[in-house]
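All remarks here apply to the structure that follows.
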Amino acid sequence: MAYITLNKKSLAINYSYLQNLFYKNNIDWAPVLKLLCGNKKYLEYVLSLGNEQVCDARLTNLKVIKSIDPNVETIYIKPPAKRSIANVVKYADVSFNTEFTTIKWLAEEARKQDKIHRVIIMIELGDLREGILGEHLIEFYKKIFQLPNIKVVGIGANLNCLSGIMPSKDKLIQLSLYEQLIEAKFGQKIEGVSGGSSVMIPLLLKKQVPKGVNHFRIGETLFFGVDLFSNKTIPKMKDDVFLLHSEIIEITEKPVVPYGDIEENPSGEMLEINPEDYGTVHKRGILDIGLLDISNTDFLIPTDKRITFIGASSDMLVIDLNETRRKYKVGDVVSFKMKYMGALRIMNSKYIEKRLI
């Protein structure tokens with residue numbers, strides 16, 4: 001069997017650290033909860049920590065969040081699809097937008113539901129995912145301000161989400177200047193400048209975030225305590241909020257080099273053989289988890305640092321136990337820390353039990 005644990009104490013420590021950091025810098029922030037994949041017991045615990053605003057990129061998750069606490073403010077953090085408009089207005093108090101046509105649909109649906117739907121307009125700053133180009137900004141806003149049942153509450157940007165473009169003080173100043181330009185042109189106050197995600201935190205720690213940037217959306221650093229510039233754990237934060245645990249179902253000493261004709265495996269990989277490995281034997285373990293759950297072993301970090309990966313198939317993960325000092329046996333559990341994308345895949349697997357500890 002295999003299961004993932006969320007450590008309440010470690011998460012509370014990370015949450016408190018971020019709360020204090022943003023409070024000292026007079027910045028609002030919202031946890032990004034898409035990693036939890038709508039798991040109700042996990043969401044209940046995170047919501048109990050106290051934030052009045054949360055973000056997610058899946059409407060089914062926002063529906064669960066609203067069922068737990070109808071009063072929490074929900075932000076849908078990607079441009080809505082046409083066929084999702086009704087549910088966006090129903091379950092999201094705020095949505096990220098880049099298309100005028102989509103905002104018109106939101107306005108029409110908000111009128112039907114007798115609501116004012118709030119929008120944050122995403123600006124392109126170079127990562128080339130979602131965002132309108134700066135030269136189109138004024139004309140875009142001119143049209144939006146005329147729509148009924150729509151309130152523009154902010155501008156925002158994403159970096160390091162697609163192309164790996166890292167944030168900088170200059171890019172954040174640029175975002176802040178866009179906000180000032182809009183306010184000066186239209187005489188309307190823009191409440192929020194949502195400058196970033198977890199990748200922005202190192203800049204905040206170095207006092208390089210302009211004062212005009214007053215909102216952050218934080219997922220990865222909340223759950224993993226990571227500085228995304230150095231890929232190291234931020235001092236006083238925890239990297240063990242999530243742990244994956246899997247049971248050993250076989251332990252055997254086997255040759256390091258397979259025997260027989262070698263072709264590509266089902267993942268399309270061709271084994272490369274080190275000639276020095278011929279004739280050697282290692283102790284190998286097989287875990288009750290596979291690519292169906294984890295997608296890639298690169299996202300897993302064994303807590304026993306002497307364990308290495310040999311390979312994985314759809315349902316089983318093979319590990320090398322030759323260097324570990326622990327005397328593992330069948331039925332023992334091997335644990336892993338995870339990178340963000342690894343945990344996301346595990347959380348989305350219906351085959352992995354989710355435990356709160």
Are side-chain N/O atoms of [X] and [Y] paired as donor and acceptor at under 3.5 Å?
X: Y178; Y: Q174; answer: yes
X: T252; Y: R284; answer: no
X: T102; Y: N97; answer: no

What heavy-atom pair brings [X] and [Y] nearest, and what distance separates the two atoms?
X: P210; Y: I173; value: CG-CG1, 3.5 Å
X: S198; Y: T221; value: OG-N, 2.9 Å
X: K169; Y: L203; value: N-CD1, 4.3 Å
X: P202; Y: F229; value: CG-CD1, 3.4 Å
X: K171; Y: G126; value: NZ-CA, 4.5 Å
X: P235; Y: Y17; value: O-CE1, 3.8 Å

Pair K337 + D240, salt bridge at N-O below 4.0 Å: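 Not counted as a salt bridge, because no side-chain N and carboxylate O are separated by less than 4.0 Å.
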N-O pairing of E73 and K66 below 4.0 Å: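 Salt bridge absent between E73 and K66.
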Determine whether more than 12 heavy atoms belonging to other residues, nucleotides or ligands lie under 6.0 Å from atom [atom1] of [X].
X: N231; atom1: CG; result: yes
X: E99; atom1: CD; result: no
X: K232; atom1: NZ; result: no
X: E44; atom1: CD; result: yes
X: K185; atom1: NZ; result: no
X: K78; atom1: NZ; result: yes
X: K354; atom1: NZ; result: yes

Can you give me every donor-acceptor pair (side chain of residues 320-335, partner residue at least two apart or in another chain, under 3.5 Å) with its distance?
{"unit_1": "D320", "atom_1": "OD1", "unit_2": "N322", "atom_2": "N", "d": "2.8"}
{"unit_1": "D320", "atom_1": "OD2", "unit_2": "H282", "atom_2": "ND1", "d": "2.7"}
{"unit_1": "N322", "atom_1": "OD1", "unit_2": "K283", "atom_2": "N", "d": "3.1"}
{"unit_1": "T324", "atom_1": "OG1", "unit_2": "D304", "atom_2": "OD2", "d": "2.6"}
{"unit_1": "T324", "atom_1": "OG1", "unit_2": "R326", "atom_2": "N", "d": "3.3"}
{"unit_1": "Y328", "atom_1": "OH", "unit_2": "D304", "atom_2": "OD2", "d": "2.7"}
{"unit_1": "K329", "atom_1": "NZ", "unit_2": "D332", "atom_2": "OD1", "d": "3.2"}
{"unit_1": "D332", "atom_1": "OD2", "unit_2": "K329", "atom_2": "N", "d": "2.9"}
{"unit_1": "S335", "atom_1": "OG", "unit_2": "H245", "atom_2": "ND1", "d": "2.7"}

Any side-chain heavy-atom pair of [X] and [Y] under 4.5 Å:
X: F309; Y: L317; answer: yes
X: K115; Y: V89; answer: yes
X: F22; Y: D28; answer: no
X: K238; Y: F224; answer: no
X: L222; Y: L18; answer: yes
X: N158; Y: E130; answer: yes
X: D56; Y: L36; answer: no
X: D315; Y: L292; answer: yes

Do [X] and [Y] belong to the same hydrophobic cluster, where Ile, Leu, Val, Met, Phe, Trp and Tyr are linked whenever their side-chain heavy atoms lie under 4.5 Å apart, directly or via other members?
X: V318; Y: F336; value: no
X: W29; Y: Y23; value: no
X: L291; Y: I352; value: yes
X: I319; Y: Y3; value: no
X: I138; Y: L125; value: yes

Stepwise side chain to side chain contact (heavy atoms under 4.5 Å, CB included) test for L204 and V213: CA-CA 10 Å; L204 183 61; V213 177; over 6 Å; no
Given 3.5 Å as the limit, does a donor-acceptor pair link the side chain of [X] with the main chain of [Y], or not?
X: D93; Y: T74; answer: yes
X: S246; Y: D288; answer: yes
X: T5; Y: N7; answer: no
X: E124; Y: L128; answer: yes
X: D127; Y: C161; answer: yes

Stepwise side chain to side chain contact (heavy atoms under 4.5 Å, CB included) test for I4 and R355: CA-CA 6 Å; I4 188 173; R355 299 182 183 180; over 6 Å; no
Co-members of V153 in a cluster of I, L, V, M, F, W and Y side chains, linked at under 4.5 Å: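 Taking Ile, Leu, Val, Met, Phe, Trp and Tyr as members, V153 shares its hydrophobic cluster with V32, I75, I77, V94, F96, I120, M122.
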Residues N51, V46; criterion side chain to side chain contact (heavy atoms under 4.5 Å, CB included); working and verdict: CA-CA 8 Å; N51 254 68; V46 175; over 6 Å; no
Spacing of [atom1] belonging to [X] relative to [atom2] belonging to [Y], to within rounding of 0.5 Å:
X: C37; Y: I346; atom1: SG; atom2: CD1; answer: 10.5 Å
X: N39; Y: N61; atom1: CG; atom2: CG; answer: 10.0 Å
X: S197; Y: E220; atom1: OG; atom2: CD; answer: 8.5 Å
X: I150; Y: R118; atom1: CD1; atom2: CZ; answer: 11.0 Å
X: N20; Y: K236; atom1: CG; atom2: NZ; answer: 10.0 Å
X: R217; Y: Q53; atom1: CZ; atom2: CD; answer: 10.5 Å

Stacked cation flag K339 on F299, 6.0 angstrom / 45 deg: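 Judged by the rule, K339 and F299 form no cation-pi pair.
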Ring pair (Phe, Tyr, Trp, His ring centres under 6.0 Å) partners of residues 105-161, not counting sequence neighbours, each pair once: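 Found Y141-F145, F145-F186.
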Evaluation steps, salt bridge (charged side-chain N to carboxylate O under 4.0 Å, His left out), between K151 and E191: CA-CA 11 Å; K151 182 179 181 182; E191 298 172 10; 3.2 Å; yes
Audit row: Q188, V152, side chain to side chain contact (heavy atoms under 4.5 Å, CB included) steps and yes/no: CA-CA 9 Å; Q188 297 207 31; V152 179; over 6 Å; no
